[in-house]
Structures are given as structure tokens and as C-alpha cells.
Amino acid sequence: MDDAVSGGPPVGIAGVKVRGEVRVELVEETPYRFRIDQHGSMRVPGVVFASRRLLPPKGDGALEQVINVAALPGIVGASYAMPDMHWGYGFPIGGVAATDIRGGGVVSPGGVGFDISCGVRLLAAELDRSDFRRAAEQIMDGLSRATPRGAGRGGVWELHREGLDRVLEEGSRYAVARGRGTPRDLERCEDGGALADAEPGQVSARARDRGLGQVGSLGSGNHFLEVQAVAEIYDQAVAKVFGLSFDQLCVMIHCGSRGLGHQICTDHVRAMDESMADHGLTVPDRQLACTPVDSPEGRAYLGAMAAAANYARANRQVLGVAAGEVLRKVTGRGLDLVYDISHNLAKIETHDVAGRRLSLCVHRKGATRALPPGHPELPPGLREAGQPVLIPGSMGTASYVLTGVPSGDAFFSTCHGAGRTQSRHQAVRTIDARRLRRDLEHDGIVVRGSSARGLAEEAPTAYKDVDAVVAVAEGAGLCRRIARLVPLGVVKG
DNA sequence: ATGTTC
């Protein structure tokens with residue numbers, strides 16, 4: 001066996017420093033898996049799924065964050081990072097960390113991220129690429145009008161206080177109960193469209209105020225609504241179960257919990273920062289503020305987080321319904337839900353760790369759950385095929401539908417997108433938004449933007465190559481490719 | 001990501 005497969009000498013990644021001087025030493029276990037051996041305050045090793053090319057660039061800080069996360073109280077297995085990893089608040093984006101609840105394991109809002117339950121919804125039409133071409137401008141104008149976006153602003157679903165409470169408690173189920181969608185939609189949502197253990201009482205008045213007028217809105221940043229076509233199918237049988245065929249027209253929606261989730265994260269980071277010492281906990285970075293899952297602060301955060309997750313699901317539910325109405329009006333055909341899945345969430349899950357069956361708090365931040373075929377949590381219609389995993393590409397590039405595999409490492413998790421290589425600030429400095437828009441339109445992509453700055457921030461050159469990210473995730477044994485989709489039109493947040 | 005510095 002050669003060195004690259006058997007382990008071999010450490011691959012030093014020049015320029016990445018920990019605590020000033022020590023370099024991060026990565027051991028290349030396979031071409032797609034690197035290990036950071038346990039040292040210092042690490043309680044478990046670090047495991048980075050990547051290729052040499054996809055490893056974070058010099059000075060990014062993400063590998064340092066993998067090491068910091070490995071010091072979390074109660075962490076088990078390893079501190080994992082996905083191929084689209086990059087620097088984030090406390091935890092790397094693309095990070096997965098599981099803690100043993102009975103063993104004093106913690107929950108950390110930084111391990112979920114500010115955009116709680118940010119995720120992706122994919123819908124498919126009985127239409128193809130040529131149907132879109134015949135009415136592209138009309139379809140995109142309609143979708144643009146039907147899709148509130150940008151900072152602040154309103155949403156498609158105007159709610160009063162009581163309605164917001166129901167959204168926090170029931171997620172997409174409440175939207176469907178109010179005629180926004182069908183019961184079938186709920187089978188095609190992760191967790192049936194709602195997390196069961198939401199506690200709206202743990203959501204602050206300020207978070208509610210921010211969220212009240214934003215149900216059914218994209219927001220900004222990397223969020224989008226795209227019209228896409230299925231350009232490649234890797235597994236016909238599974239694609240058919242998911243409801244996808246070659247050349248089919250789809251709509252993909254990428255958004256989260258808006259100001260409500262952001263405020264919840266802010267509130268609970270602050271509360272945990274203040275109470276961490278009372279629990280006798282220390283962490284290497286203040287941004288890793290945490291308390292035991294089994295503590296008043298831990299339970300309060302998880303209850304509020306679940307409420308934000310339900311808000312995000314209802315958000316995508318009503319946006320999807322609004323998009324379907326536009327398609328039906330213009331083409332006579334509506335949209336059927338393929339799946340809705342989050343990539344910023346902590347979940348209580350049972351896993352075997354070193355021969356013991358443990359109840360874990362699994363943090364996925366910029367990482368997606370990917371359940372394999374046969375998993376009992378999958379609804380009957382998807383049980384044989386596996387969980388649909390939705391990967392949004394950067395603007396103008398491909399997106400993917402994947403599924404979980406039985407070998408799934410990292411607690412059945414995989415990547416979540418392309419992953420940034422440039423900060424928003426850097427991108428704005430180097431990208432000419434007007435030229436970018438021309439380039440996209442030259443590629444046949446109809447663009448309905450929100451702001452020139454927003455467009456520049458999301459230039460594909462500021463991101464990793466999503467095709468490489470997905471190939472590495474598959475090569476690392478985390479998931480399997482089912483379909484590749486290409487953009488035809490984009491409504492940008 | 002975010003009423004992009006309560």
C-alpha cells in the first residue's frame with residue numbers, strides 16, 4: 001500500500017498556525033481524508049474530508065477551528081470537516097461535531113450557525129428546458145415578483161402573533177393546514193416538516209418581532225431561487241423515486257430563518273457565554289460558547305433552535321408554493337416537491353460510537369444529514385432509495401442531488417455547497433457586478449437580482465468548484481451522486 | 001447569515 005493510502009508522513013500545510021507558532025499537521029490517510037492527531041486540549045482527533053486542492057488556503061483559520069472544536073466537552077468520534085469547509089463563527093462552516101449527552105456533552109449555538117436551519121428545497125415540474133425557453137422572461141418576471149428578497153422587507157405570508165406561534169411550533173405543517181401546500185409535501189420534508197421539540201416560549205420578543213414580517217422571503221447573501229434543468233442522472237432508479245428525469249425543469253430555493261434565527265443565535269450565545277463558568281466549562285475560543293445539553297441553558301437553546309428550524313421550513317414551504325403558482329399561471333403546470341433539507345442544525349440522534357449506543361447532540365453547520373437506504377427515519381416512499389440530499393452550487397454553476405450511503409462516516413453527514421474561498425468583502429473589491437451579470441446572461445442564465453453588491457459578493461469565482469466538492473464527498477464515502485442540475489434562471493437574494 | 005456596528 002502506498003503512503004497516500006496507508007497514512008505516510010504528515011503533510012504540513014504551510015502557513016496555518018495554531019496558538020501563534022505550532023503548525024497544523026495533517027496526515028493524509030487517503031486522497032480524500034486527512035487526520036489531525038489529538039494534541040493539546042483536543043479530546044478527539046480532527047478529520048478533514050478534502051482533496052489537497054480543496055484544503056483551506058493559507059491563513060483561512062478553518063483548520064484551527066477544527067482543532068478548537070475537538071476540545072468541546074463531551075465530543076465523541078472526531079471533529080469533522082467537509083470538503084466545502086471554510087472559516088466561520090467559532091466552528092468552521094462545513095463542520096460536524098457530536099457530543100455525548102449523558103456524558104456531559106454540550107450544545108453550542110456556534111455549531112449550528114446564525115442562520116438556523118438554513119437549507120434547500122427542490123421542486124420539479126412536468127416541463128423541460130424547451131418549455132422554459134419559450135416563456136423564460138415571463139416565468140422569471142413572475143418568480144421575481146413572487147419572491148420577496150434582500151435585507152429586511154416583507155414576506156409572502158402575512159402573519160399575526162398567534163400565526164407566528166403556530167409556525168414556530170408546527171413549521172410546514174401549519175402552512176399546509178392553512179392551505180399553503182399539500183399533505184404530500186410533508187412526507188418530502190426532513191422531519192415531516194417540523195421538529196417535534198420546539199419551544200416557542202424560548203424565543204425572545206425581539207426575535208419574534210424580527211421574524212413576524214419575513215415568513216416567505218429569501219433574505220440575501222448566498223440565498224437564491226433558481227430555475228434549473230436536470231443535466232445529468234447518475235442513478236436512474238433512485239432519481240425516479242425522487243421524481244427527477246433528464247432535462248426536467250426544477251426550482252431550487254435556498255434560504256433560512258432570516259432575522260428570527262439570527263436573533264435566537266445572538267440571544268443564546270450571550271446567555272451561554274455568561275453561564276458557561278457556572279457549569280465549570282472552558283473552551284479555546286469564546287465563540288464556542290456552550291453549556292451541557294442537559295442544562296436549563298442547553299434545553300432553552302435547543303427549544304428555540306427547533307422553533308427557528310420550523311420557521312425556516314415554513315419559509316421555504318410558502319416560497320415553494322408561491323413559485324408553483326407562478327409556474328402554473330404561465331405554463332399550465334405546477335411544481336411537485338422533491339425534498340426539503342437543512343444544513344445548519346443540531347439534532348439529538350442515536351449512534352454507535354466505539355461499540356456503545358449513545359444519545360448524541362450532532363451539530364451540523366454547513367453540513368447535511370445524509371441517511372442511507374433503509375434508515376428507519378426515512379418515510380416509506382424514500383426508505384429504499386435513501387435520503388435526498390440537496391447541494392446548492394454557487395451562482396451560475398451546477399447544483400446536485402445526492403443520497404446517503406451505508407458506510408456514511410461523520411454520523412451520516414456530507415457537504416452542503418460549494419464553500420467560499422473569498423470573503424464577501426474581497427469579492428466586492430474584485431468583481432464588477434455589471435460584467436458578472438453580462439457573463440451569466442451570455443451563458444443563457446436569466447438574472448433577476450436584488451442589488452449589484454449582492455451579485456458581486458456571490459460571484460462564482462469567490463467559491464470552490466462545486467463539482468470537485470461533490471466528487472470528493474463521494475470519493476470519501478460520505479454520499480452518492482444522483483443528479484446534476486444546471487441553472488437557467490436565478491432570482492438572487 | 002444579519003434591520004451587514006445594540
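Below, chains carry the letters A, B, ... as their sequence lines are ordered, and counting in each starts from 1. These values consider heavy atoms only, across backbone and side chains, with no hydrogens, waters or symmetry-generated copies.
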Take the protein atom CZ of A:R149 and the nucleotide atom P of B:dT2, then report the distance between them rounded to whole Å.
14 Å

A:F114 CZ to B:dC6 C1': how many Å, rounded?
13 Å

Rounded to the nearest angstrom, tell me the gap between atom CG in A:L218 and atom C1' in B:dT2.
15 Å

Phosphate OP1/OP2 of B:dT2: any A:R258 side-chain N/O under 4.0 Å
yes

Between B:dT4, B:dT2, B:dC6, which one does the side chain of A:R206 approach most closely?
B:dC6

Would you call A:D209-A:R161 a salt bridge at under 4.0 Å N-O?
yes

Would you please confirm or rule out a distance under 4.0 Å between OP1 or OP2 of B:dG3 and any side-chain N or O of A:Q214?
yes

Please work out if A:G113 contacts a base, only the sugar-phosphate, or nothing of the nucleic acid, heavy-atom cut-off 4.0 Å.
nothing

What is the separation between atom CD1 on A:I264 and atom C1' on B:dG3, rounded to the nearest whole Å?
16 Å

Give the rounded distance in Å between these two atoms: CG of A:N315 and C1' of B:dT2.
14 Å

Here the ring pair (Phe, Tyr, Trp, His ring centres under 6.0 Å) pairs for residues 450-472 of chain A, sequence neighbours left out, are none

To the side chain of A:H262, which of B:dT2, B:dC6, B:dG3 is closest?
B:dT2

Have a look at A:G256 and say if it touches a base, only the backbone sugar-phosphate, or nothing, with a 4.0 Å heavy-atom cut-off.
nothing

Quickly work out the A:D267 CG to B:dC6 P distance and round it to whole Å.
14 Å

Correct closest heavy-atom pair for A:A304 and A:H268 would be CB-NE2, 3.6 Å

So which one's nearest nucleotide on DNA chain B is more toward 5', A:R420 or A:R270?
A:R420

Looking at A:S220, does any N or O in its side chain come under 4.0 Å of the phosphate oxygens OP1/OP2 on B:dT4?
no

Whole-Å distance, A:D209 CG to B:dT2 C1', equals 16 Å

NZ/NE/NH1/NH2 to OD/OE distance under 4.0 Å, A:D84 and A:R420
no

By the salt bridge (Lys or Arg N to Asp or Glu O under 4.0 Å) test, which pairs, at least two apart or in different chains, include something from residues 252-263 of chain A?
none

What is the distance from CD of A:E457 to C1' of B:dT2, rounded to the nearest Å?
12 Å

